[in-house]
Amino acid sequence: MSEWHQRDHGPVTEEKLVQAVHILADIVETNGPAFRPLYQDLRRQLADLRLQQQAEAAAKARAAQDSTKVA
């Protein structure tokens, strides 16, 4: 366990959240509903991250489109 705490966690990415969701899904299946709130929270965070990424991509696309109209 001490190895885990010494690791560089870096930024939260969609890949890391998806991996965590899969791990927690296995834990919930194995150990029952005690971990379900954590699992649901992590799924919510993943959904929020995806929405944020979509909004950022849409804003960039609009900005790029606007800059080509001005030129």
Side-chain angles (χ1 to χ4, degrees):
M1 190 70 178
S2 62
E3 273 185 39
W4 176 255
H5 292 293
Q6 295 173 1
R7 293 178 72 183
D8 179 26
H9 298 287
V12 174
T13 63
E14 183 175 358
E15 182 181 329
K16 287 180 182 179
L17 285 173
V18 168
Q19 183 179 11
V21 165
H22 290 297
I23 290 168
L24 277 172
D26 291 342
I27 291 171
V28 168
E29 255 183 58
T30 305
N31 297 314
F35 292 94
R36 189 171 306 279
L38 180 59
Y39 170 72
Q40 291 171 336
D41 183 53
L42 195 55
R43 287 193 57 181
R44 198 172 311 112
Q45 287 182 38
L46 177 59
D48 291 346
L49 177 68
R50 287 177 173 164
L51 285 173
Q52 178 185 357
Q53 289 174 337
Q54 289 173 354
E56 289 172 359
K60 285 181 185 178
R62 276 193 303 269
Q65 188 178 25
D66 290 345
S67 69
T68 58
K69 286 182 182 177
V70 173

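- Summarising the geometry, atom OG1 belonging to T30 is positioned 10.0 Å from atom CZ belonging to F35; distances are rounded to the nearest 0.5 Å.
- For the atom pair L24 CG and E29 CD, the distance stands at 12.0 Å (nearest 0.5 Å).
- The one candidate from E15, E56, E14 that meets the salt bridge (charged side-chain N to carboxylate O under 4.0 Å, His left out) condition with R50 is E14.
- Considering OG1 of T13 and CG of L46, their distance stands at 10.0 Å, rounded to 0.5 Å.
- Distance check: L42 CG to H22 NE2 gives 10.5 Å after rounding to the nearest 0.5 Å.
- Nearest heavy-atom pair, V21 versus Y39, reported as atom, atom and distance to 0.1 Å: O-CE1, 3.5 Å.
- Looking at Q52 and L49, their side chains come closer than 4.5 Å, going by heavy atoms from C-beta outward.
- Across S67 and A64, no two heavy atoms sit closer than the pair OG-O, 2.8 Å.
- Within 6.0 Å of CD on Q40 lie more than 12 heavy atoms contributed by other residues, nucleotides or ligands.
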